[in-house]
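Encoded as structure tokens, the structure appears first; notes follow it.
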Amino acid sequence: MSWALLYGVTIWTYLNPKESLLWGRRGLYKEEPEITERAIQNTKKKALITIIILPIIALLFILSIKIL
């Protein structure tokens with residue numbers, strides 16, 4: 001999986017937390033499941049942390065390859 005795809009999915013998750021929580025699981029439910037506000041906030045927090053940390057990890061990875 002490329003870094004750009006992972007980053008894009010993370011941004012999508014932050015912007016659409018309800019959709020991302022149901023991604024691939026809609027067929028399991030007869031009716032639209034109710035997602036709590038706490039679950040939405042938790043998803044957004046995790047996505048935001050990933051949005052901040054992922055570029056740092058990618059940069060460190062790139063720099064470590066160039067150094068070696």
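If you're wondering where the values come from, they're calculated on a predicted model, not measured in any experiment. Values below: all heavy atoms of this structure, side chains included; hydrogens, waters and symmetry mates excluded. Positions are given from 1 along the sequence.
- Once rounded to the nearest 0.5 Å, the distance linking CD1 of Ile57 with CD1 of Ile62 reads 12.0 Å.
- The side-chain heavy atoms of Tyr7 and Trp12, taken from C-beta on, include no pair separated by under 4.5 Å.
- Residues passing the side-chain contact (heavy atoms from CB on, under 4.5 Å) test with Asn42, sequence neighbours excluded: Lys46.
- Distance check, rounded to the nearest 0.5 Å: NZ of Lys18 to CD of Glu34 gives 8.0 Å.
- Taken to the nearest 0.5 Å, the CD1 atom of Ile52 stands 7.5 Å off from the CD1 atom of Ile56.
- Between Thr43 and Tyr14 there is no side-chain heavy-atom pair separated by less than 4.5 Å.
- A heavy-atom distance below 4.5 Å is found between the side chains of Leu22 and Ile35.
- Taking each heavy atom of Ser20 and Thr13 in turn, the nearest pair found is OG-CG2, 3.4 Å.
- To the nearest 0.5 angstrom, Thr10 atom OG1 is 12.0 Å from Ile49 atom CD1.
- Minimum interatomic distance between Ile40 and Pro17 (heavy atoms only, all atoms of both residues): CG2-CG, 3.5 Å.
- With sequence neighbours excluded, the residues forming a side-chain contact (heavy atoms from CB on, under 4.5 Å) with Leu15 are Ile11, listed by chain and number.
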